[in-house]
Structure formats: structure tokens, C-alpha cells
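Structure, as C-alpha cells:
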Amino acid sequence: MTYSGTVKVGGPADVHELTDLMISKVAVGPMNNNAYLLRCRATGEQLLIDAAAEAPTLLRLIGDDSIASVVTTHQHGDHWQALGEVVAATGARTYAGRYDAEGIPVPTDVLVDDDDTIRVGQVTLTARHLVGHTPGSIALVYDDPHGAPHLFTGDCLFPGGVGNTRKDPEAFASLLHDVETKLFDVLPDETWVYPGHGHDTTLGDERPQLPEWRARGW
């Protein structure tokens with residue numbers, strides 16, 4: 001089956017099979033959040049990005065192999081509603097951006113800074129600290145040695161724009177700057193983007209819109 005990244009709450013996960021990594025995307029909760037289960041194909045170790053909601057759905061997706069880690073992309077409540085239950089069931093190590101961790105009610109085991117790495121089995125993810133949607137949002141980059149990079153952006157980048165900055169010009173300028181300098185300027189157009197809600201995209205599809213985003217201010 002070809003991966004499309006199109007999922008709906010209550011529906012099945014969509015699985016993106018890479019050479020070294022399997023990425024399962026599922027939609028959960030009233031705000032149509034995306035959660036991503038990453039599985040190292042060499043070791044079977046698993047990591048979850050955003051235990052957003054519906055702990056039973058996420059635990060079924062995780063399965064008997066459990067997870068070693070769970071990363072919360074930012075402090076907004078729709079991205080951690082199931083975190084406590086998932087951690088209690090799996091014993092997973094928790095990761096979050098240093099400047100957002102205090103806003104997450106489940107204790108963070110590892111505070112993440114810009115350019116830190118997080119491993120899932122033999123696969124390495126690199127964190128990018130993006131300021132504007134929240135003070136400590138992080139995106140995760142998987143630089144696939146067999147193909148294009150894969151980028152998990154939380155609520156910092158979507159098809160058609162950056163994340164919500166609440167009509168705050170300084171927050172918008174900060175987020176757009178970080179997204180441009182830390183993502184668009186260093187990653188190729190083929191980079192696959194997995195956002196915190198809704199459909200996937202690529203950096204190449206979004207890059208031509210950057211001047212429009214800057215001009216409109218959101």
C-alpha cells in the first residue's frame with residue numbers, strides 16, 4: 001500500500017515504510033491530532049511522538065512490543081492528554097523541549113535543546129527548537145541515509161502556513177524565522193513533513209508560499 005498520510009479519527013493508521021524505519025500515523029481526539037509511532041526495523045524499538053488523546057487507541061497501535069520513549073512536541077494540552085496513561089502502561093522515557101516542559105503535567109525525563117539527538121533503536125532523530133507557537137516547541141528530523149529527510153513539525157508547520165501565533169507579530173516573526181533558518185534553509189524540497197494535525201506535505205510544496213506568509217503575517 002502506498003502511504004498518503006491521510007487519516008481520520010476512529011480510522012486505521014497509515015504506515016510509511018522506509019528502509020530503516022516504519023512510521024505509523026494515526027488521528028486521535030476532538031482536535032484531530034496526529035500521533036506518530038516510529039519503529040526501528042533493525043531492533044524493533046519504538047518511539048511515540050505526541051500521546052495526544054485516546055490512550056487505548058495509542059496502546060493498541062503500540063502493541064505488545066511497547067515503546068522505549070515518547071516525545072511531546074510542545075506544551076499545548078491537546079498534545080498530551082493521553083501521555084500519563086501511555087507512560088503508566090509502558091514505562092516509556094519522556095522527552096520535551098526544555099522551555100515547554102513545565103507546561104506538561106507529566107514529568108519530563110529528558111529536556112531537549114536545539115540540535116539534541118534522540119535515538120530509536122539504530123535510528124537518530126535531531127531536534128530543532130522553534131520559538132513562536134510556544135516557547136519550547138521542537139521539531140524532529142530523521143535524515144534518512146537511503147532517501148529524503150522526514151520532518152515531524154508538531155504545530156509549527158502545516159500545509160499552507162506556520163502554526164498559530166495568536167496574532168502576535170513578534171511571535172509570528174520568531175516562528176517564521178526559525179522555520180526558515182532551521183528547516184527550509186537546511187533541508188531539501190523532497191523533505192516529507194508530518195504535522196501535528198491534518199495532512200502531510202513536503203518542504204518543496206510549501207517553499208514558494210513563504211513570501212506570502214510573511215506578507216500576510218500569519
Side-chain angles (χ1 to χ4, degrees), residues 28-36 38 47-53 69-84 86-87 92-120 124-142 149-187 191 193-198 201 203 206 209-210 213-218:
V28 292
M31 297 185 70
N32 192 35
N33 285 74
N34 296 325
Y36 299 94
L38 279 54
L47 173 150
L48 182 69
I49 298 175
D50 282 344
S69 309
V70 57
V71 179
T72 303
T73 57
H74 63 291
Q75 65 180 248
H76 287 161
D78 58 308
H79 289 259
W80 48 252
Q81 291 299 309
L83 181 59
V86 167
V87 170
R93 188 168 53 252
T94 56
Y95 292 79
R98 178 177 301 277
Y99 302 104
D100 266 21
E102 66 179 14
I104 300 169
V106 178
T108 299
D109 297 321
V110 182
L111 299 173
V112 180
D113 291 311
D114 194 51
D115 210 34
D116 281 356
T117 57
I118 301 171
R119 294 186 64 84
V120 50
T124 299
L125 309 173
T126 302
R128 295 287 178 250
H129 178 209
L130 308 172
V131 180
H133 182 66
T134 66
S137 291
I138 54 172
L140 297 174
V141 180
Y142 169 49
H150 296 260
L151 172 63
F152 302 88
T153 56
D155 284 2
C156 288
L157 178 64
F158 297 96
V162 297
N164 185 4
T165 52
R166 303 162 301 283
K167 298 182 179 179
D168 180 336
E170 289 186 7
F172 170 75
S174 174
L175 182 55
L176 185 63
H177 173 270
D178 283 358
V179 164
E180 284 189 298
T181 59
K182 297 183 181 182
L183 304 180
F184 283 98
D185 287 357
V186 296
L187 295 169
T191 302
V193 176
Y194 305 82
H197 306 261
T201 185
L203 290 186
E206 305 307 317
Q209 303 179 66
L210 287 168
W213 301 351
R214 184 179 295 103
R216 75 189 186 192
W218 57 273

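Treat the numbers as computed from the prediction; the structure is a model and nothing was measured. Hydrogens, waters and symmetry mates play no part in the numbers below; they use all other heavy atoms, side chains included. Positions are given from 1 along the sequence.
The backbone N or O of P107 sits less than 3.5 Å from a side-chain atom of T94, completing a donor-acceptor pair. Within the 3.5 Å criterion, the main-chain N or O of G161 finds no donor-acceptor partner in the side chain of W218. When atom types are taken as modelled, the side chain of H129 and the backbone of Y99 share no donor-acceptor pair closer than 3.5 angstrom. Looking only at distances, no side-chain donor or acceptor of S137 sits under 3.5 Å from a matching main-chain atom of V131.
Residue pairs that meet the salt bridge (Lys or Arg N to Asp or Glu O under 4.0 Å) test with at least one member in residues 100-114, sequence neighbours left out, are R98-D113, D114-K182. Identified under the ring pair (Phe, Tyr, Trp, His ring centres under 6.0 Å) test for residues 152-181, with sequence neighbours left out: Y36-F152, F152-Y194.
In terms of heavy atoms, Q81 sits closest to A53 at CB-CA, 4.2 Å. Contact detail for E206 and T201: the closest heavy-atom pair is OE2-OG1, 2.6 Å. Heavy-atom minimum distance, P195 versus P159: CG-CD, 4.4 Å. Among all heavy-atom pairs drawn from A101 and L111, the shortest one is CB-CD2, 3.4 Å.
The side-chain heavy atoms of L151 and L183, taken from C-beta on, include a pair separated by under 4.5 Å. Put simply, the side chain of L175 reaches to within 4.5 Å of the side chain of C156, judged on heavy atoms. Counting only heavy atoms from C-beta outward, the side chains of P105 and W80 approach each other to under 4.5 Å.
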**V70 vs I49, side-chain contact (heavy atoms from CB on, under 4.5 Å): CA-CA, chis, key distance, verdict** = CA-CA 6 Å; V70 57; I49 298 175; over 6 Å; no

**Request:** Mind running side-chain contact (heavy atoms from CB on, under 4.5 Å) on H74 and I138 for me, showing each step along the way?
**Result:** CA-CA 7 Å; H74 63 291; I138 54 172; over 6 Å; no

**Message:** Pair T126, D115 - check side-chain contact (heavy atoms from CB on, under 4.5 Å), show working.
**Reply:** CA-CA 6 Å; T126 302; D115 210 34; 3.6 Å; yes

**Request:** Dump the intermediate steps for side-chain contact (heavy atoms from CB on, under 4.5 Å) on V141 and H150, then the final yes or no.
**Result:** CA-CA 6 Å; V141 180; H150 296 260; over 6 Å; no

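Qualifying side-chain hydrogen bond (donor to acceptor under 3.5 Å, both in side chains) partners for D116, counting only residues two or more places apart in sequence or in other chains: none.
Rounding to the nearest 0.5 Å gives a distance of 12.0 Å between CG of D155 and OG1 of T165. Distance check: T108 OG1 to L83 CG gives 8.0 Å after rounding to the nearest 0.5 Å. Going from atom CG of L176 over to atom CG of L130 covers 11.0 Å, rounded to the nearest 0.5 Å.
Taking the charged nitrogens against the carboxylate oxygens, R128 and D178 have no contact shorter than 4.0 Å, which rules out a salt bridge.
Between the side chains of D78 and H197, at least one donor N or O sits under 3.5 Å from an acceptor N or O.
With T73 as the partner, the side chain to side chain donor-acceptor pair (under 3.5 Å) test is satisfied by one option alone out of D50, T153, T134: D50. With V71 as the fixed residue, the side chain to side chain contact (heavy atoms under 4.5 Å, CB included) test singles out one of V112, L125, L47, L38: L47.
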